[in-house]
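Have a look at the structure below before the remarks.
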Amino acid sequence: MRQSELFTKTRKTAPKDEVAKNAQLLIRAGYIHKEMAGVYSFLPLGLRVLNKINDIVREEMNAVGGQELTMSVLQNKELWEKTGRWSDEVVDNWFKTQLKNGADTSLAFTAEEPITNIMRDYLNSYADLPKLAYQIQWKYRNEERAKSGIMRGREFLMKDMYSFAGSADEHEKVYEKVAEAYVKIFQRLGIGDRTYRTFASGGVFSKYSHEFQCLSPIGEDTIYVHEGKKIAINKEVLLPEVLGDLGVTQEELVEQKAIEVGNIFSLGTRFSDALGLKFKQKDGSEAAPVMGCYGIGTSRLLGALVEVFADEKGIVWPESVAPFSAHLVAISSGNEDVIKEADRLYELLKDSGIDVLYDDRDVRAGEKFADSDLIGIPTRLVVSEKTMSEGGIERVDRQSGSTGFVQDSEVVQQLQK
RNA sequence: CGGGCCGUCGUAUACCGGUAGUACGCGUGCUUUGGGAGCACGUAGACUGGGUUCAAUUCCCAGCGGCCCGACCA
């Protein structure tokens, strides 16, 4: 797309009401707009990134048999009363409201109740299990205090998947399969090497749950990392018994701050029991499916990627989620030949199926470069009198800053990969 | 939910109990053109409501909004 047509612009100064780096940079670069504390709109650039993150998550969930659906945001109170979670004493961050007829309703912060209820219509037999269903849907939590920019908002996008298995063993297999899918997701997002499967408290039905924690100084969680085993332990369960279970010693662990980018949890039959979800086993007896839930906050992940990769010049996106693959920058100073050449290259890249942002604006070179750094597209292609006289295109890598001269064909080939 | 700080052009900031200034942005013109240009002219502002005062953007109170620390955080 031509940058002159993009309705957003960059700003030089950070908004005074944001302290978090992710929000400052995302607002300065025109990715998001703050509506209220903890509530943000995703602008064209931001939506592109969010969609790419969602696509990666979607692909990996589909690969392990997840089936996508979308559940309503408005909630049926009856379902939540059956599990005891309608109560404000139990769940203190509900957004509750009423229908015109006076009936209570609310905005979903998670979806165990509705998905379990839906499955009552379809899961009848052991032969129907296991099943995995997920959605990528806006969630609402009336946080006492929003903070950390888009990383802890009152409205956020989350992929939430739920599994239904016929036995504890079957559940374990599903659970591990999803855990592996999570590892792949974080690898594809470029944070695999700094994201640890972290043991956390499990609740009634299993000893542990697992969080996926991405190391970052701004993280809200404290974890203890075991480099050798590539695992970590959440501070809240750093106990002798846990160390014993995992076969590690306190001395081997390193304390780190981390951002929780995903979590997986065994639910046992808490929800299937409460909502009456049952299936017939082989011997004709009835049993409740063993459930699991698997969350990834995709809008939080977007913020986490900014936090982890940004440098002093601005955002640095991993290739897998960048809003565009290439940022074509024309330094023309009104020179018609340069404009013609940049236009030609723009068409070539587009025709080759490459997502390109073309800075065709009539502004000075310094402003273009500064904006390009701020926006953070991985590859910058510069066309100017200088590059034309040297017979090529200047290619700049946003992350390393390395530059080189390349020909059209090479660029197309490299970016198509 | 406890504690603290703060609301000034679109953005970022300054000053002040008596005429609200600067930078960026935006508009016009000229010059400039590989790292957020220069000059000139122009555009645009005190969150809301009370109170004190001859006079309030400034002081006081309340509301609304924002940020930070802590608590909380399927």
Side-chain angles (χ1 to χ4, degrees), chain A residues 8-20 23-24 27-30 33-39 80 83 85 88-94 108-113 115 139-149 151-154 156 158-162 200-206 209-211 218-221 234 236 259-260 262-268 270-271 291-297 300 312-314 329-335 338 359 361-375 380 382-390 394 396 401 403:
Chain A
T8 57
K9 296 177 181 176
T10 60
R11 336 176 175 166
K12 271 189 208 172
T13 51
K16 65 180 166 193
D17 63 346
E18 293 283 6
V19 172
Q24 287 192 343
I27 289 170
R28 281 187 54 208
H33 179 262
K34 184 179 195 168
E35 296 297 338
M36 302 185 281
V39 180
W80 297 83
T83 60
R85 294 211 289 180
D88 289 331
E89 278 83 66
V90 178
V91 176
D92 64 1
N93 58 12
W94 272 119
F109 67 94
T110 183
E112 284 84 0
E113 281 80 351
I115 190 67
K139 299 293 185 302
Y140 297 84
R141 295 189 186 179
N142 203 348
E143 300 281 357
E144 307 273 5
R145 179 186 161 208
K147 58 188 245 183
S148 306
M151 310 233 308
R152 186 174 162 105
R154 298 192 164 100
F156 57 96
M158 181 165 94
K159 184 280 301 177
D160 46 324
M161 181 156 79
Y162 305 90
S201 63
V204 182
F205 293 96
S206 65
S209 69
H210 297 97
E211 295 164 345
I218 73 120
E220 292 182 34
D221 290 359
N234 194 300
E236 59 193 29
I259 302 164
E260 185 181 343
N263 67 33
I264 58 178
F265 211 98
S266 292
L267 299 170
R270 174 180 172 192
F271 294 94
M291 292 173 54
C293 70
Y294 313 86
I296 290 183
R300 169 183 284 189
E312 59 293 336
K313 291 178 177 172
V329 178
I331 306 298
S332 68
S333 309
N335 181 319
V338 173
D359 191 348
R361 298 174 303 164
D362 183 24
V363 300
R364 296 167 65 89
E367 189 173 342
K368 290 194 175 194
F369 291 140
D371 280 348
S372 181
D373 288 335
L374 178 61
I375 291 169
R380 180 192 303 162
V382 183
V383 175
S384 67
E385 283 183 44
K386 193 168 96 185
T387 65
M388 284 176 71
S389 68
E390 294 182 35
E394 185 182 355
V396 184
T403 65

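Order of the sequence lines fixes the chain letters, A, B, ..., with proteins taken first and strands second; residue numbering starts at 1 for each chain.
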Between the side chains of Arg85(A) and Glu112(A), is the shortest nitrogen-to-carboxylate-oxygen separation below 4.0 Å, so that they form an ion pair?
yes
With a cut-off of less than 4.0 Å, is there a side-chain N or O of Arg145(A) near OP1 or OP2 of G2(B)?
no
Under 4.0 Å, heavy atoms only, any strand: does Asp92(A) hit a base, just the sugar-phosphate, or nothing?
sugar-phosphate
Is any N or O donor-acceptor pair between the side chain of Arg28(A) and the base of G36(B) shorter than 3.5 Å?
yes
Check the distance between C67(B)'s P and Glu144(A)'s CD and give it to me in whole angstrom.
15 Å
Just call it for Ser332(A): base, sugar-phosphate, or nothing, with non-hydrogen atoms closer than 4.0 Å on any strand.
nothing
What about Arg152(A), does its side chain sit under 3.5 Å from the base of C72(B) through a donor-acceptor pair?
yes
Whether Arg364(A) contacts G36(B) is assessed here as follows: a side-chain N or O lying under 4.0 Å from the phosphate OP1 or OP2. Is that the case?
no
With a 4.0 Å cut-off on heavy atoms, is Glu394(A) in touch with a base, just the backbone sugar-phosphate, or nothing at all?
base
Please list, for nucleotides 3-6 of chain B, all pairs of protein and nucleotide N/O atoms separated by less than 3.5 Å.
none

Using 30° and 60° as the class boundaries, would you call the ring planes of Trp94(A) and Trp80(A) parallel, tilted or perpendicular?
perpendicular
G7(B) base to Asp17(A) side chain: any donor-acceptor pair below 3.5 Å?
no
Give one of base, sugar-phosphate or nothing for Arg380(A), where a contact means two heavy atoms less than 4.0 Å apart.
base
Would you classify Ala370(A) as touching base, sugar-phosphate or nothing, given that sugar-phosphate means primed atoms plus P, OP1 and OP2, and contacts are heavy atoms under 4.0 Å?
base
If you look at every strand shown and take non-hydrogen atoms under 4.0 Å, does Thr387(A) touch a base, only sugar-phosphate, or nothing?
base
With a non-hydrogen cut-off below 4.0 angstrom, is Val91(A) in contact with a base, only sugar-phosphate, or nothing?
nothing
Starting from the 5' end of RNA chain B, give me the residue, Gly38(A) or Gly366(A), whose nearest nucleotide shows up first.
Gly366(A)
Side-chain donor/acceptor pairs under 3.5 Å, residues 362-370 of chain A, sequence neighbours excluded:
from: Lys368(A); atom 1: NZ; to: Ala330(A); atom 2: O; distance (Å): 2.7
from: Lys368(A); atom 1: NZ; to: Asp359(A); atom 2: O; distance (Å): 3.1
from: Lys368(A); atom 1: NZ; to: Arg361(A); atom 2: O; distance (Å): 2.7

With heavy atoms under 4.0 Å as the rule, sort Lys386(A) into base, sugar-phosphate or nothing.
base
With sugar-phosphate meaning primed atoms plus P, OP1 and OP2, does Lys139(A) contact a base, only sugar-phosphate, or nothing at under 4.0 Å between heavy atoms?
nothing
Determine: side-chain N/O of Lys34(A) to OP1/OP2 of U11(B), distance under 4.0 Å, yes or no.
no
Would you mind telling me which residue lines up with the more 5' stretch of RNA chain B, Ala365(A) or Glu143(A), judged by nearest nucleotide?
Ala365(A)
Test side chain to side chain contact (heavy atoms under 4.5 Å, CB included) on Met388(A) and Val338(A); report intermediate values, then the result.
CA-CA 8 Å; Met388(A) 284 176 71; Val338(A) 173; 3.8 Å; yes
Choosing from G66(B), G36(B), U11(B), which nucleotide comes nearest the side chain of Arg11(A)?
U11(B)
Test for a donor-acceptor pair under 3.5 Å between the base of G35(B) and the side chain of Asp373(A), counting only N and O atoms.
yes
Could you tell me how far U52(B) sits from G17(B) if I compare only their C1' atoms? Round to whole Å.
11 Å
